[in-house]
> 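This is the structure I have questions about; it appears just below.
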Amino acid sequence: MRIGIPHETHTGEKRVATTPEVAAKLIKLGFEVALQKDAGSCAYLSDDAYRAVGVVIVDDVRELWTSSDVVLKVRAPGPNAELGCHEVDLMKVGATLISFIWPAQNPELLERLAARNVTVLAMDSVPRISRAQKLDALSSMANIAGYRAVIEAAQNFGRFFTGQVTAAGKVPPAKVFVIGAGVAGLAAIGAANGLGAIVRAMDTRPEVKDQVKSLGAEFVEVNYQEEGSGTGGYAKVMSEGYQKAQHDTIARQCSEVDIVITTALIPGKPAPKLITAEMVASMQDGSVIVDLASEQGGNCELTVPGEVVVRHGVSIVGYTDLTSRMARQSSQLYGTNLLRVLEELCPGKDGTTTVDMSDEMIRGATVVKNGEITWPPPAPKLYAAPAFTAPGITATPSPPITKKPLIPESLRNALFTLIAMGLLFGLGSSAPSAFMSHLMVFVLACFVGYMVIWNVRPALHTPLMSVTNAISSIIAIGALIQVSTPGLLMKVLAGSALVLTTVNMAGGFAVTQRMLRMFRRSE
């Protein structure tokens, strides 16, 4: 089968659906890969680089479309001004298209694709489940957009991000406030913190608090109790009371910080207006707002999509092509996501694709199958079986049964303490003095270990436990002592213990180093 990668026709789009590195892996899957001439030029990827890995360069756009069994694109198909027709009409009947589609916003496009009797996988419809993370192009692009937002903020900000002490005076660090701690928000937090700014962030989902803190930012909480987690890892629409408290919190932060980066989006809905004109007016002259939600209307009332405007002395960046401004990196990540999709469609590595609708991951991404619209996908499967109810009988919940404890909790705790003291007294009076000294060391070690772990940030628990696991392998010293004792059985047991503890130590320290590298800034 032939994979075709056409040039993106959307105005300002610089990305390409594959890179030479990814194309080489597609060829190893058994596909023939064809690329439209100069399709990667805007991403600084030359035709010669593609030819070097075995990609066929095609000059004729129409030939590329009509001869391709699988078409990989970034943007959804649209009008081709050069040929004077729609790209869907160029597709081979029965072919497969993999790209961003946005089916909820483009019902007419779905109908047109279905009429062409093709199969379409939408990269924006990949279900957010653990298995599908390697296919998650939305997260890949959001990561780049969040990073680029900080770069655009630095471009429009008239000061350093990091604080400095110079001969000409002290320069305070910039204060950055990130609204929304999803993939884009976390990327922005990491980039701003890496540049030396003081970073604050807020989100309606309380579970992201530790993630924000692990990146070195302060989590700003709204003084209102309401759960903000929605389906698929996104936030939900909040109540009026929460929105009022959130409005007050954002207004206070806007008056204090230098840079605001907004990333708040709810799938299928316009971007919520979080920054009003009054908030913009309260910011210091020279401040910057970068609105990542500008394509969906913007989180700021004064955002102009695609432009940078200055209002009340504040620069408001409303670019809608942040990922395209880093075209080479975006193309690499997006091309890798497409490669993972094709690996799932071609498990035999024989260059033949099969869309398995029984696979929850593939089913969720498939919006058209052989000319039939299959979007939206069915609800996720329930893995816990519901309670059985006989036909015609309505189950009524039984009232909770509360049992009164036979012994009050306070008395039970007192009895437990007395029993423990009695056991310790009996043990101390009969055990040798050496045992009691060892017991004292053991109890103190347990106490110190508990206090150490209790005071460590939860995000660091994994590296902490891995190094603790490695240190606990001091048992290897005991194995070294016993391996020299007479007797074959003791030698075998001690040797086995020595081998196992050596693996434990090496693995523990290796995992520790890998985890700690995630929290270190690159030199």
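What you see is a predicted model; the values in this text were computed from it and never measured. We use all heavy atoms of the structure for the numbers below, so side chains are in, but hydrogens, waters and symmetry mates are not.
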> So do D124 and M141 actually touch side chain to side chain, heavy atoms under 4.5 Å?
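The answer is no; the side chains never approach within 4.5 Å.
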> Would you check if the side chain of N193 reaches a backbone N or O of L215 as a donor-acceptor pair within less than 3.5 Å?
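Here the side-chain-to-backbone pair exists.
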> Side chains of D321 and S324: any donor to acceptor distance under 3.5 Å?
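On atom types as modelled, these side chains do not qualify, holding no pair under 3.5 Å.
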> Taking only Lys NZ, Arg NE, NH1 and NH2, and the carboxylate oxygens of Asp or Glu, determine whether R51 and D48 approach each other closer than 4.0 Å.
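Judged by the 4.0 Å cut-off on N to carboxylate O distance, R51 and D48 do form a salt bridge.
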> Check the surroundings of atom CZ in F157: do more than 12 heavy atoms from other residues, nucleotides or ligands lie under 6.0 Å from it?
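Above 12, so yes.
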> Taking the side chain as every heavy atom from C-beta outward, state whether V88 and V118 have any pair of such atoms under 4.5 Å apart.
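A side-chain contact is absent here, since even the closest heavy-atom pair is not under 4.5 Å.
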> Just checking F160: does its CZ atom have more than 12 heavy atoms from other residues, nucleotides or ligands closer to it than 6.0 angstrom?
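Check fails, neighbour count at 12 or below.
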> Can you list the steps and then say if V290 with R148 is a side chain to side chain contact (heavy atoms under 4.5 Å, CB included)?
CA-CA 10 Å; V290 182; R148 183 68 190 194; over 6 Å; no
> Quick one: does T323's side chain get under 4.5 Å of R15's, heavy atoms only?
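In contact.
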> Output, in order, the C-alpha distance, side-chain angles, deciding distance and verdict of side chain to side chain contact (heavy atoms under 4.5 Å, CB included) for W375 and I101.
CA-CA 11 Å; W375 188 88; I101 297 294; over 6 Å; no
> Give, for atom CG of L35 and atom CD1 of I3, the distance between the pair rounded to the nearest 0.5 Å.
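The CD1 atom of I3 is 12.0 Å from CG of L35, to the nearest 0.5 Å.
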> Between R252 and D248, is the closest basic N to carboxylate O distance under 4.0 Å?
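Judged by the 4.0 Å cut-off on N to carboxylate O distance, D248 and R252 do not form a salt bridge.
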> So V55 and V33, do their side chains get closer than 4.5 Å, heavy atoms only?
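SC-SC contact between V33 and V55 confirmed.
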> Using 4.0 Å as the upper bound for N to carboxylate O, is an ion pair formed by E343 and K25?
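No, this pair does not count.
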> So does E360 pair up with R131, basic N to acidic O under 4.0 Å?
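So E360 does not pair with R131 through a salt bridge.
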> Can you name the closest pair of heavy atoms from A293 and A271 and give their distance?
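The pair with the smallest heavy-atom distance is CB-CB, 3.7 Å.
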> Please answer whether the main-chain N or O of V74 pairs with a side-chain N or O of E8 as donor and acceptor at a distance below 3.5 Å.
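Yes; judged by distance alone, with no hydrogens or angles, the pair exists.
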> Taking G297's backbone N and O only, do any of them form a donor-acceptor pair with K273's side chain (distance below 3.5 Å, no angle check)?
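Yes, the answer is positive, given that a donor and an acceptor are paired below the 3.5 Å cut-off.
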> Between T262 and N299, is a side-chain hydrogen bond (donor to acceptor under 3.5 Å, both in side chains) present by the stated rule, with each step listed?
CA-CA 7 Å; T262 69; N299 295 137; 3.2 Å; yes
> Over all heavy atoms of both residues, which pair between V367 and A122 is shortest? Give the atoms and the distance, please.
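Smallest interatomic distance, heavy atoms only, reads CG1-CB, 3.9 Å.
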> Which heavy atom of R363 sits nearest a heavy atom of P378, and at what distance?
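The answer is NH2-CD, 3.5 Å.
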> Decide whether T276 and E278 meet the rule of one side-chain donor and one side-chain acceptor closer than 3.5 Å.
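Result is yes, a qualifying pair exists.
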> State the NZ-OG1 distance between K369 and T96, to the nearest 0.5 angstrom.
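Between atom NZ of K369 and atom OG1 of T96 there are 9.0 Å.
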> Could you walk me through whether K134 and E344 pass salt bridge (Lys or Arg N to Asp or Glu O under 4.0 Å), step by step?
CA-CA 11 Å; K134 59 185 179 181; E344 295 294 327; 2.9 Å; yes
> Just verifying a value: how many Å separate L29 CG and C346 SG, rounded to the nearest 0.5 Å?
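Nearest 0.5 Å value for the CG-SG distance: 5.5 Å.
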> Give, for atom CG of D291 and atom CD1 of I179, the distance between the pair rounded to the nearest 0.5 Å.
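These two atoms lie 9.0 Å from each other.
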> Using side-chain heavy atoms (C-beta onward) and a distance below 4.5 Å, is V61 in contact with P6?
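Of all side-chain heavy-atom pairs linking P6 with V61, none is under 4.5 Å.
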> Tell me whether S41 contacts the main-chain N or O of D38 through its side chain, where contact means a donor paired with an acceptor under 3.5 Å.
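Such a contact is found between S41 side chain and D38 backbone.
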> With side chain to side chain contact (heavy atoms under 4.5 Å, CB included) as the test, would you mind laying out the steps for I362 and V355 before giving the verdict?
CA-CA 7 Å; I362 299 301; V355 179; 3.7 Å; yes
> With a 4.5 Å limit on heavy-atom distance, are the side chains of F100 and L138 in contact?
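Sidechains of L138 and F100: in contact.
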> Taking A34's backbone N and O only, do any of them form a donor-acceptor pair with Y50's side chain (distance below 3.5 Å, no angle check)?
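Checked: no pair found.
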> Is it the case that the side chain of S255 and the backbone of S282 share a donor-acceptor pair, with hydrogens and angles ignored and the cut-off at 3.5 Å?
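No; zero donor-acceptor contacts below 3.5 Å.
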> Tell me if a side-chain donor or acceptor on S330 pairs with a main-chain N or O of A327 at a distance below 3.5 Å.
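No; zero donor-acceptor contacts below 3.5 Å.
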> For the side chain of S125 and the backbone of L121, is there at least one donor-acceptor N/O pair under 3.5 Å apart?
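Not a single qualifying donor-acceptor pair exists.
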> Locate the shortest heavy-atom distance separating G318 from S294; write the atom from each residue and the value.
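For G318 and S294, the tightest heavy-atom pair comes out as O-OG, 3.0 Å.
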> Quick test of your reading of the model: are E218 and K175 salt-bridged, counting only N-O distances below 4.0 Å?
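No.
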> Okay, side chain of S287, backbone of V314: is any donor-acceptor separation there less than 3.5 Å?
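Not at all, since once roles are kept as given, no pair shorter than 3.5 Å links the two residues.
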> Using the ring of each side chain (for Trp, its six-membered ring), is Y224 parallel, tilted or perpendicular to Y242, with breaks at 30° and 60°?
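Plane angle over 60°, so perpendicular.
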> Would you say F161 and V176 make side-chain contact, with heavy atoms under 4.5 Å?
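Yes, side chains in contact.
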> Which one of R75, E87, E82 satisfies the side chain to side chain contact (heavy atoms under 4.5 Å, CB included) criterion with T9?
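It is E87; the other options fail the test.
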> Judged by atom type as modelled, is there a donor-acceptor pair below 3.5 Å linking the side chain of N156 to the main-chain atoms of E152?
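Yes, because the side chain of N156 sits within donor-acceptor range (under 3.5 Å) of the backbone of E152.
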> Before giving the answer on side chain to side chain contact (heavy atoms under 4.5 Å, CB included), spell out for Q155 and V288 the whole-Å C-alpha distance, their side-chain angles and the decisive distance to 0.1 Å.
CA-CA 10 Å; Q155 169 70 21; V288 179; over 6 Å; no
> How long is the gap from OG1 on T18 to CD1 on I5, to the nearest 0.5 Å?
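T18 atom OG1 to I5 atom CD1 measures 5.5 Å (nearest 0.5 Å).
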> Nearest 0.5 Å, please: how far is CG in L338 from CG in L26?
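The CG atom of L338 is 8.5 Å from CG of L26, to the nearest 0.5 Å.
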> Please report the shortest heavy-atom distance between D203 and A181, naming the atom on each side.
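Taking every non-hydrogen atom into account, OD2-N, 2.6 Å.
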> Do Q253 and M279 come within less than 4.5 Å of each other through their side chains, counting heavy atoms only?
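Answer no - side chains too far apart.
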> Nearest heavy-atom pair of Y334 and K73: which atoms, and what distance?
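Heavy-atom minimum between the residues: OH-O, 2.6 Å.
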